[in-house]
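For reference, the structure is listed below as structure tokens.
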Amino acid sequence: MSTVRWGILSTARHGEKTMLPAFRQARETEVVAIASRDVERARAYAQQHGIPVSYGSYEALLDDPNIDAIYIPLPNNMHKEWAIKAAQAGKHVLCEKPIALNATEAEEMVAAFAEAGRVLAETFQWRHHPQAHAVRELIEDGTIGEVRFIDAGFSFLIAREDDIRLDPALGGGSLYDVGCYPVSLARFMVQDEPLAVTAQAHWTERGVDDRMAATLEFPNGVLAHINCGFSLPLRRYYEVVGSLGSLYVNRAYNPIGDRSSEIVRYGDDRMMIETVQLEPANSYTLMVEDFNRAVTGEAPPRFPAEDAVKNMRVIDALYRSAREGGTVEVAR
Ligand SMILES: NC(=O)c1ccc[n+]([C@@H]2O[C@H](COP(=O)([O-])OP(=O)(O)OC[C@H]3O[C@@H](n4cnc5c(N)ncnc54)[C@H](OP(=O)(O)O)[C@@H]3O)[C@@H](O)[C@H]2O)c1
């Protein structure tokens, strides 16, 4: 495989703290440029992190012919615009979650990338960690019987008043920010799409949901309860409950390889049957390597961009239910 040359759109905290180390660890990967709205910020970032080229505008980075792939950690309301501009500039895009603000935007993005013949993927890193696949195998092996219920939550306490997550104009909201994970988790574990959802939220004065609780109804009677928030302490768990027992994962969505992962299996009397230990692995690095393989044509992306459209359809229905009340059918 030849080296994939990456450019990063913005000096976002997540890109700096988590993705840069992941890019460094990933095989056949080089970060060649950084862009910021502020040329000095871009220059300082490039210098600090040993990135060869810096740009004072996102457009300039897209025009760089020495870049194959763009990583987009912009505020959520900017994902669609910049991903489509990147596709039109002939670049592949790994876009932060949620891929867009709604399913219609996500569909436009998928169409633009199909037309440009470029790869688009959403950063649900947890799906690239062996932990997620080990849970699926335990389910398929029948260890917990027939899957009937999923309980999944992701929350943390927001630290900064000026955080983009609190700004409705920038695509703020806890369902967009962390609730999108339990949604993707439930869909992945059931391997199907929910038919309908019911949600309730607590809203900030500025009008973003700072916590939400919801039920997803899947075909075959599977129910998923999901909860999320940034006005709640750190929790990032899920439990898949079957007719004979359950599988519990405490650190579900952002394993970065600093410790081993653990899946706990309970029997039908809530006695622990086994603890499955997995070697440490950086889910972000694995995600970058998966994307690289798609760029070089070695293998299709493990999760096609159409999956992001399906996730956004559920998010659309959840927001509608939380705002208007009642059960809302998920678009097909
Ligand atoms: N996958 C994960 O584990 C994970 C974790 C955290 C966040 N994320 C995602 O990453 C994205 C960024 O989150 P973050 O917490 O890293 O955000 P952040 O630190 O606030 O960074 C956002 C960046 O966007 C640029 N930007 C452009 N227009 C802006 C505007 N009007 N207001 C504020 N910033 C603007 C800024 O960079 P310049 O000034 O340099 O242009 C800013 O540094 C979000 O989509 C979020 O959902 C993913």
Side-chain angles (χ1 to χ4, degrees), residues 7-23 33-49 51 54-62 70-83 85 93-101 105-106 109 121-129 132 154-156 158-185 208-209 228 230 234 236 251-258 282-288 290-291 303 308 311-312 315:
I8 302 179
L9 282 196
S10 90
T11 58
R13 283 171 294 163
H14 177 64
E16 183 172 23
K17 277 199 209 144
T18 308
M19 287 301 291
L20 269 184
F23 281 120
I34 175 79
S36 170
R37 294 168 298 174
D38 180 308
V39 71
E40 277 313 316
R41 194 153 53 238
R43 200 169 291 152
Y45 187 105
Q47 201 167 20
Q48 186 183 347
H49 298 292
I51 297 171
S54 60
Y55 291 110
S57 80
Y58 302 151
E59 286 89 351
L61 188 145
L62 297 189
I70 310 280
Y71 165 58
I72 301 187
L74 291 168
N76 300 335
N77 68 312
M78 299 172 72
H79 291 178
K80 178 189 115 174
E81 176 190 350
W82 287 99
K85 282 182 176 162
V93 167
L94 177 61
C95 184
E96 269 307 335
K97 41 51 64 173
I99 197 157
L101 294 181
E105 284 193 4
M109 293 163 79
E122 185 179 32
T123 60
F124 278 126
Q125 63 281 340
W126 69 270
R127 305 181 296 195
H128 295 274
H129 196 282
F154 195 174
S155 65
F156 69 104
I158 211 156
R160 297 163 24 153
E161 279 298 312
D162 64 347
D163 198 299
I164 55 170
R165 291 158 184 77
L166 294 169
D167 189 340
L170 299 179
S174 73
L175 174 60
Y176 279 145
D177 190 53
V178 275
C180 58
Y181 285 93
V183 171
S184 70
L185 180 286
V208 303
D209 54 301
C228 59
F230 37 58
L234 182 65
R236 44 193 172 184
R251 196 180 187 205
Y253 307 110
N254 45 6
I256 54 168
D258 51 348
N282 187 324
S283 53
Y284 296 89
T285 303
L286 295 171
M287 172 176 73
V288 170
D290 182 76
F291 192 89
F303 302 97
N311 215 58
M312 288 312 304
I315 290 172

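Atoms considered below: every heavy atom in the structure, side chains included; atoms not considered: hydrogens, waters and symmetry mates. None of these values were measured; they are calculated from a predicted model. Order of listing sets the numbers, starting from 1, for every ligand and every atom in it.
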Between R43 and E40, does any NZ, NE, NH1 or NH2 come within less than 4.0 Å of an OD or OE carboxylate oxygen?
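Answer for the salt bridge query: yes.
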For ligand 1, indicate whether the residue Y284 contacts it via side chain, backbone, both or neither (heavy-atom separation under 4.0 Å).
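For Y284, only side-chain atoms sit under 4.0 Å from ligand 1.
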Minimum non-hydrogen distance to [atom], winning option of [options]:
{"atom": "atom 48 (C) of ligand 1", "options": "M287, R13, E16, E96", "result": "E96"}
{"atom": "atom 21 (O) of ligand 1", "options": "S283, G171, G56, A12", "result": "A12"}
{"atom": "atom 31 (N) of ligand 1", "options": "R37, R165, E122, M78", "result": "R37"}
{"atom": "atom 39 (O) of ligand 1", "options": "R41, K17, H14, Q125", "result": "R41"}
{"atom": "atom 11 (C) of ligand 1", "options": "C180, P73, C95", "result": "P73"}

Which protein heavy atom lies closest to [atom], and at what distance to 0.1 Å?
{"atom": "atom 24 (O) of ligand 1", "answer": "P75 CD, 3.2 Å"}
{"atom": "atom 33 (C) of ligand 1", "answer": "I164 CG2, 3.7 Å"}
{"atom": "atom 23 (C) of ligand 1", "answer": "S10 OG, 3.5 Å"}
{"atom": "atom 38 (P) of ligand 1", "answer": "S36 OG, 3.4 Å"}

Work out whether the distance between some heavy atom of [X] and some atom of ligand 1 is less than 4.0 Å.
{"X": "Y181", "result": "yes"}
{"X": "Y176", "result": "no"}
{"X": "D38", "result": "no"}
{"X": "N254", "result": "no"}

Could you label the plane-to-plane angle of the W126 and Y253 rings as parallel, tilted or perpendicular, counting under 30° as parallel and over 60° as perpendicular?
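Because their plane-to-plane angle is over 60°, the rings of W126 and Y253 count as perpendicular.
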Please check whether Y58 reaches ligand 1 - meaning an N/O of the residue sits under 3.5 Å from an N/O of the ligand, judged on distance alone.
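Yes: some nitrogen or oxygen of Y58 is under 3.5 Å from one in ligand 1.
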Under 3.5 Å, N or O to N or O, is P98 touching ligand 1 that way?
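No; the residue has no nitrogen or oxygen that sits under 3.5 Å from a nitrogen or oxygen of the ligand.
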Is the distance between the ring centroids of Y284 and H14 under 6.0 Å?
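For Y284 and H14, the ring centres are under 6.0 Å apart.
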Could you check whether Y71 and E96, counting side-chain N and O atoms only, form a donor-acceptor pair closer than 3.5 Å?
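Short answer, yes.
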